[in-house]
Amino acid sequence: MKIASWNVNSIKARLANVVDWLKQAEPDVVCLQEIKTVDETFPSEAFEDLGYNVAVHGQKAYNGVALLSKRPLEDVRRGLPGDRQDDQARFIDALIPTDRAPVRVASLYLPNGNPRDSEKFPYKLKWMDRLIAHAKSLLEQEEEFVLAGDYNVIPTSDDVYDAKAWADDALFVYETRAKFYTLSHLGLTDAFRVRHAEPHLYTFWDYQRGAWPKDHGLRIDHLLLSPQATDRLGDCDVDAYVRGWQKPSDHVPIWCVLDE
DNA sequence: ATGCCGGGCGAAGCCCGA
């Protein structure tokens with residue numbers, strides 16, 4: 001089962017790209033972020049025509065996440081537990097049956113957190129605390145799971161083109177990375193790093209300053225796997241080529257295969 | 001790294017992203 005994650009930066013603006021990529025990549029499950037639209041205007045038909053079931057947790061103009069799956073999407077849950085005041089659409093998960101154990105797949109869009117002296121930074125850290133608590137409860141329930149999405153976290157200096165330039169950014173400061181390590185140290189595996197040890201491989205390149213041709217990127221989209229999912233991990237890679245297409249997202253898909 | 005690009009909203013120019 002091939003599971004992919006992609007921050008598309010507006011599903012309406014990116015629909016043609018997403019459909020073209022789906023036809024080539026043929027993922028079984030897709031986690032989308034920054035769809036930037038409400039559930040009612042999400043272009044579900046385009047994906048249903050390709051054989052996908054669709055679950056959406058949308059929001060007008062900002063954020064918004066969705067799941068596409070060729071297998072059934074069961075027990076769909078919208079929103080990250082832990083803060084009833086939080087109305088930003090940044091989390092959806094569902095249980096997906098497979099030939100082996102069912103896998104719970106989450107599509108998450110972790111807050112950016114900049115500027116660091118604004119209320120956005122503590123919101124990011126609190127959101128990460130809630131994600132840690134959610135992962136703990138999934139582990140306690142012994143569900144096999146994949147937490148996929150745009151984490152807005154640069155895990156190490158190997159994951160950024162210029163670590164010094166990003167030293168004080170909310171994606172890379174110590175508090176952010178410490179939360180990410182707390183999450184992964186629960187026993188989760190950064191699937192990409194199982195298959196790729198070499199530094200300076202990215203999932204995001206800014207639209208500005210010629211970041212793509214200069215390969216000034218960041219690795220901020222991640223697939224974190226539970227222990228049982230890690231036991232099934234096959235290949236894992238980034239489809240960087242779509243960044244070179246016309247009208248690209250600034251992020252590219254990351255995917256992994258869970259053996260069956 | 002300062003939003004220079006790109007999207008939403010809504011019909012110009014501001015908000016937002018990383």
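Just so we're on the same page: letters track the sequence lines, and every chain starts at 1. Keep in mind it's a predicted model, so treat the numbers as computed, not measured.
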Chemist: What's the closest nucleotide to the A:K60 side chain, out of B:dG7, B:dC4, B:dC9?
Modeler: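 Nearest nucleotide to the side chain: B:dC9.
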Chemist: Side chain of A:S10, heavy atoms from C-beta onward: which of B:dG8, B:dC5, B:dC16 has the nearest atom to it?
Modeler: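 Nearest to the side-chain atoms of A:S10, counting from C-beta on, is B:dG8.
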Chemist: Taking atom P in both B:dA11 and B:dT2, compute the distance separating them and give it to the nearest angstrom.
Modeler: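 After rounding to an integer number of Å, I get 31 Å for this pair.
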Chemist: Between C1' on B:dG3 and CG on A:D206, what's the gap in Å once rounded to a whole number?
Modeler: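 Distance, rounded to whole Å: 8 Å.
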Chemist: Under 4.0 Å between a side-chain N or O of A:K164 and OP1 or OP2 of B:dA1?
Modeler: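 No.
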Chemist: Which residue lies toward the 5' end of DNA chain B, A:A167 or A:Y207, if each is placed at its nearest nucleotide?
Modeler: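 Checking each residue's closest nucleotide, the 5'-ward one belongs to A:A167.
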Chemist: Without decimals, in angstroms, what is the distance between A:I11 CD1 and B:dG6 P?
Modeler: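 Nearest whole value for this atom pair: 19 Å.
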Chemist: Between B:dC16 atom P and A:D150 atom CG, what is the distance in whole Å?
Modeler: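 Going from A:D150 (CG) to B:dC16 (P), I get 18 Å.
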Chemist: Side chain of A:A61: nearest nucleotide among B:dA1, B:dG8, B:dC16?
Modeler: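 That would be B:dG8.
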Chemist: Between A:L258 and A:V103, is any pair of side-chain heavy atoms under 4.5 Å apart?
Modeler: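 Touching, per the 4.5 Å side-chain cut-off.
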Chemist: Could you work out the separation of B:dA1 and B:dA12 based on their P atoms and round it to a whole Å?
Modeler: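 Going atom to atom, P in each nucleotide, I get 37 Å.
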Chemist: To the nearest angstrom, how far is A:Y62 atom OH from B:dG6 atom P?
Modeler: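 Whole-Å distance recorded here is 19 Å.
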Chemist: Choose from B:dC16, B:dG7, B:dC5 the nucleotide whose nearest atom is closest to any side-chain atom of A:K120.
Modeler: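 So the nucleotide nearest the side chain must be B:dC16.
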Chemist: Give a yes/no on whether any side-chain N or O of A:R14 is located under 4.0 angstrom from OP1 or OP2 of B:dG7.
Modeler: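 Yes, because at least one side-chain N or O of A:R14 sits under 4.0 Å from OP1 or OP2 of B:dG7.
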Chemist: Tell me whether the rings of A:Y202 and A:W205 are parallel (<30°), tilted (30 to 60°) or perpendicular (>60°).
Modeler: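 The rings of A:Y202 and A:W205 stand perpendicular, inter-plane angle above 60°.
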Chemist: In terms of the nearest nucleotide of DNA chain B, which residue is placed more toward the 5' end: A:R209 or A:A165?
Modeler: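 Mapping each residue to its closest nucleotide by heavy atoms, the 5'-most match is A:A165.
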Chemist: Assign A:D168 to base, sugar-phosphate, or nothing according to its heavy-atom contacts below 4.0 angstrom with the strands shown.
Modeler: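 Here A:D168 touches no strand at all.
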Chemist: Find the distance A:F204:CZ to B:dA1:C1' and express it as a whole number of Å.
Modeler: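 Value for this atom pair: 13 Å.
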Chemist: For DNA chain B, find the residues of residues 33-44 of chain A with a heavy-atom distance under 4.0 Å and give them by number; none if there aren't any.
Modeler: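 Listed by number, they are A:E34, A:K36.
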Chemist: Would you check, one step at a time, whether the test side-chain contact (heavy atoms from CB on, under 4.5 Å) holds for A:Y62 with A:E34?
Modeler: CA-CA 7 Å; A:Y62 302 111; A:E34 276 209 274; over 6 Å; no
Chemist: Once the angle between the rings of A:W6 and A:W21 is folded into 0 to 90°, is it parallel (under 30°), tilted (30 to 60°) or perpendicular (over 60°)?
Modeler: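 The arrangement is perpendicular - the two ring planes meet at more than 60°.
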Chemist: Under the criterion side-chain contact (heavy atoms from CB on, under 4.5 Å), I'd like the reasoning laid out for A:I254 against A:L223: C-alpha separation, chi angles, the key distance, then a yes or no.
Modeler: CA-CA 8 Å; A:I254 178 171; A:L223 305 174; 4.0 Å; yes
Chemist: Are A:K2 and A:D28 ion-paired here, with the side-chain N under 4.0 Å from a carboxylate O?
Modeler: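 Looking at A:D28 together with A:K2, the answer is no, because their closest N to O distance does not fall below 4.0 Å.
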Chemist: To the nearest angstrom, how far is A:Y123 atom OH from B:dC16 atom C1'?
Modeler: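 Value for this atom pair: 14 Å.
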Chemist: Within the structure shown, what part of the strands sits under 4.0 Å from A:Y109 by heavy-atom distance: base, sugar-phosphate, or nothing?
Modeler: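 The answer is sugar-phosphate, as A:Y109 gets under 4.0 Å only of primed atoms, P, OP1 or OP2.
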Chemist: Considering every strand and a 4.0 Å limit on heavy-atom distances, what is the contact class for A:N63: base, sugar-phosphate, or nothing?
Modeler: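 A:N63: no heavy atom of the nucleic acid under 4.0 Å.
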Chemist: What's the closest nucleotide to the side chain of A:Q208 if the choices are B:dG17, B:dG3, B:dG7?
Modeler: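 Output: B:dG3.
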Chemist: Which part of the nucleic acid, if any, lies within contact of A:H216, taking any heavy atom under 4.0 Å across all strands shown: a base, the sugar-phosphate backbone alone, or nothing?
Modeler: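 Since no nucleic acid heavy atom lies under 4.0 Å of A:H216, the category is nothing.
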Chemist: Over all strands shown, is A:N152 touching base, sugar-phosphate only, or nothing at heavy-atom distances under 4.0 angstrom?
Modeler: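 Touches sugar-phosphate only.
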Chemist: Whole Å only: how far is the CG atom of A:N9 from the P atom of B:dC9?
Modeler: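 So the CG-P distance, A:N9 to B:dC9, works out to 12 Å.
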Chemist: Using the ring pair (Phe, Tyr, Trp, His ring centres under 6.0 Å) definition, which of the options A:W127, A:F172, A:F180 pairs with A:Y151?
Modeler: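 Answer to the ring pair (Phe, Tyr, Trp, His ring centres under 6.0 Å) test with A:Y151 among A:W127, A:F172, A:F180: A:F180.
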Chemist: Any side-chain heavy-atom pair from A:H251 and A:V8 closer than 4.5 angstrom?
Modeler: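 Side chain of A:H251 against side chain of A:V8, heavy atoms only: no contact under 4.5 Å found.
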Chemist: Could you tell me how far apart A:H251 (NE2) and B:dG7 (C1') are, to the nearest whole angstrom?
Modeler: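 Going from NE2 in A:H251 over to C1' in B:dG7 covers 13 Å.
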